[in-house]
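The block underneath contains the structure these notes are about, expressed in structure tokens.
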2 protein chains.
Amino acid sequence: MTNPTIKDVAKKAKVSIATVSLVIHNHKRIPQKTKAKVLAAIDAFNYYPSHSARGLVNRKSGNIGFVLTEDHFLRTEPFYTQIFIGTEFEAHANEFYVLLTTINPNFRSSDKLPRFILERNVDGLIIAGKVPLLFIKKINKFNIPTVFIDYLPPAKNSITVLPDSFKGGELATNHLIQYGHKEIAFIGGDIEHPSIIERFNGYKKALKDAGIKIDERMIDIEESYPGKSNGFSAAERLINKNKNITAIFTCNDAMAIGAMQYLKDRGIKIPDDCSIIGFDDVVSDNVIEPELSTIRIPKMEMGVEAMKLMADLLKKNLKESKKVLLPIELITRESTIRI
Amino acid sequence: MTNPTIKDVAKKAKVSIATVSLVIHNHKRIPQKTKAKVLAAIDAFNYYPSHSARGLVNRKSGNIGFVLTEDHFLRTEPFYTQIFIGTEFEAHANEFYVLLTTINPNFRSSDKLPRFILERNVDGLIIAGKVPLLFIKKINKFNIPTVFIDYLPPAKNSITVLPDSFKGGELATNHLIQYGHKEIAFIGGDIEHPSIIERFNGYKKALKDAGIKIDERMIDIEESYPGKSNGFSAAERLINKNKNITAIFTCNDAMAIGAMQYLKDRGIKIPDDCSIIGFDDVVSDNVIEPELSTIRIPKMEMGVEAMKLMADLLKKNLKESKKVLLPIELITRESTIRI
DNA sequence: CATAAATGGTTAAACGTTTAACTAAGTTAA
DNA sequence: TTAACTTAGTTAAACGTTTAACCATTTATG
């Protein structure tokens with residue numbers, strides 16, 4: 001048989017289609033006897049309501065759009081992938097589908113918006129990572145409930161899920177301080193990014209609390225993007241400027257890997273000559289040597305949390321501004337050592 | 001204004017909604033003049049047809065389901081992620097949305113099928129990687145057009161996209177032979193998997209062609225899963241059995257990494273004492289040392305190809321059985337050396 | 001000039017649900 | 001006994017499209 005419809009079920013149960021619908025929605029008007037009869041028919045046909053028909057009358061798509069920039073999606077580290085998995089997982093629980101799409105990181109105002117926005121095929125939007133302001137402005141016109149992950153848009157009334165970067169920065173730096181380090185460098189990229197800047201602030205706070213003077217020469221935040229090769233360049237500048245560094249805190253693992261490469265090339269032994277700690281915990285399967293100490297971000301959990309907020313938001317039990325900080329965790333591995 | 005509908009457009013253009021629809025579908029009956037008028041109105045409202053309404057009348061969802069097992073999705077290497085990106089990319093071109101879902105690798109017949117199948121919310125299914133036979137059997141009842149990626153289901157009438165594993169196995173082995181190696185070991189896991197077995201066959205073929213005798217003691221295909229820790233164990237067995245190995249071909253990069261770990265631990269220098277070559281090219285960003293020679297699989301391209309096949313399949317210009325082998329490529333890096 | 005054919009558009013049914021409004025029958029209360 | 005409720009269901013409109021069938025003009029044909 002072809003796809004069974006509510007009519008087939010109604011006929012079989014000898015009731016009207018309205019009754020079938022009411023049963024499906026657990027309407028109190030329907031007594032047990034009728035309910036059972038209808039449910040039996042539903043079962044017999046293995047009937048499920050058509051998504052499109054429902055969408056049409058309810059003016060809901062049942063879909064949540066997941067947006068991130070192409071470059072983020074193509075990154076080899078599974079950072080945003082893990083976040084996506086989290087949303088996907090929680091979507092199950094809330095009976096949503098997740099539609100993923102990428103946008104150009106250099107979004108121009110003439111660029112088309114993702115099709116699912118134009119077609120009103122999503123009930124909500126989850127935006128992961130930094131996206132162009134122009135994009136945000138343009139979608140604002142559509143008034144779609146939106147949750148951000150790992151990015152705090154400038155407009156102050158957003159719902160956002162972030163890792164606790166400030167605490168992470170403190171934690172990483174304190175870890176080095178407790179290991180006896182005093183000459184602790186910081187490497188950052190894309191310093192405007194709210195997460196990065198907080199890590200930097202955490203670094204400065206920890207140093208200050210420990211009575212260590214913040215030295216401009218120990219800080220390199222020039223790079224515009226926190227990637228591996230930029231980590232290499234930053235380490236190069238830093239070391240050339242400053243021979244007595246005993247530890248480096250990089251704003252993420254990718255930069256840490258680049259920095260490690262430079263140190264190795266230069267003959268500086270890790271961790272014996274120099275400790276290094278990253279952020280994110282994305283280096284897969286301990287494949288790098290020495291294994292990298294880092295601050296773990298709960299990536300899947302961030303996705304889960306975002307989708308939970310979305311569900312609340314769509315049920316209207318959420319005001320339009322909320323910032324959720326997810327706890328981070330220090331992971332001590334081989335790249336940091338007591339001095 | 002709230003979501004504009006075809007009615008709004010029709011009113012503004014002073015035509016019937018049928019005319020608007022015909023314009024949208026580029027029907028030849030409509031002359032330029034009318035078309036322009038309607039298009040102007042469409043533009044004025046920034047109108048896009050409702051996805052649900054269309055789906056309802058066309059009996060099409062416009063969605064393609066992407067299915068893989070949970071464990072595959074959670075793997076840290078971006079293998080299936082890259083494939084997914086490929087399908088997503090090509091989906092854009094064909095105006096599809098991709099709905100991703102995972103299934104339990106130990107799918108029981110009592111388990112529920114993915115919701116999008118039950119609700120008939122997908123027009124086609126792309127299944128990536130090995131999935132339980134029971135699952136395949138169960139979805140067969142729904143008669144949904146299906147394309148497989150990186151897995152050849154036993155039923156012979158499938159449409160499948162695979163890397164050319166046989167040629168890859170030959171290529172990898174020949175590379176080692178050309179480098180003067182004669183004692184070449186093979187490490188495999190999940191040897192029943194069509195891709196793995198082909199790599200193994202390629203290995204044997206290359207040895208035979210080179211007049212090298214195939215030695216059972218040089219082969220370890222015991223492990224049930226081709227992962228990192230199993231690569232470690234396999235290397236251990238192999239080395240203990242057999243001291244004169246000068247090169248190893250592992251069925252994938254994950255096992256190669258595990259094997260490298262064992263060799264390093266044991267004090268065997270790579271590549272000086274032993275060359276090693278993997279398969280897949282998933283080791284991110286040259287993070288491992290020495291950098292791993294491997295056979296590159298065109299992962300994104302596999303996704304793209306699968307979605308193209310799906311588009312053809314849905315347009316009915318494709319018979320129900322087709323096997324597409326995508327070309328692989330030898331990547332020579334640091335882990336293989338001339339003897 | 002009468003008729004056939006081409007052109008350009010409209011009408012209305014259909015897709016599969018949801019739900020407000022209604023109805024019919026049974027129950028309660030004064 | 002009768003009016004007022006309650007209960008259990010049905011009817012019908014609506015959601016926003018698509019498209020076959022139809023109609024009215026205009027143009028071509030013999």
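This one's a predicted model, so the numbers in the text were calculated from it and none came from an experiment. Here is how names work: the chains are called A, B, and so on, in the same order as the sequence lines, proteins then strands, and each is numbered from 1.
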query = Is there side-chain contact between A:Leu113 and A:Phe135, with at least one heavy-atom pair below 4.5 Å?
reply = yes

inquiry  = Expressed as a whole number of angstroms, how long is the span from B:Arg59:CZ to C:dA13:C1'?
reply    = 14 Å

message = For a quick check of understanding: with a heavy-atom distance under 4.0 Å over all strands, which category does B:His25 fall into, base, sugar-phosphate or nothing?
response = sugar-phosphate

inquiry  = Applying a 4.0 Å non-hydrogen cut-off, can you work out what A:Ser52 is touching in the nucleic acid: base, sugar-phosphate, or nothing?
reply    = nothing

task = Could you pick out which residue, B:Thr34 or B:Val57, lies toward the 5' side of DNA chain C when each is mapped onto its nearest nucleotide?
result = B:Thr34

key: Interatomic distance, B:Asn26 CG vs D:dT18 P [rounded to whole Å]   = 13 Å

task = Would you indicate whether the side-chain heavy atoms of B:Tyr80 and B:Thr69 approach each other to under 4.5 Å?
result = no

message = Atom NZ of residue position A:Lys308 - does it have more than 12 heavy atoms of other residues, nucleotides or ligands inside 6.0 Å?
response = no

message = Does D:dT17 have OP1 or OP2 under 4.0 Å away from a side-chain N or O of B:Tyr48?
response = no

message = side chain to side chain donor-acceptor pair (under 3.5 Å) for B:Asn26 and B:Lys35? Distances and angles first, verdict last.
response = CA-CA 9 Å; B:Asn26 252 310; B:Lys35 201 175 197 168; 2.8 Å; yes

ask   = Which residue, A:Lys7 or A:Thr19, contacts DNA chain C at a nucleotide closer to its 5' end, judged by nearest heavy atom?
value = A:Lys7

request  = For A:Ser21, report the nucleic acid contact type (base, sugar-phosphate, nothing); a contact means any heavy atom under 4.0 Å.
outcome  = base

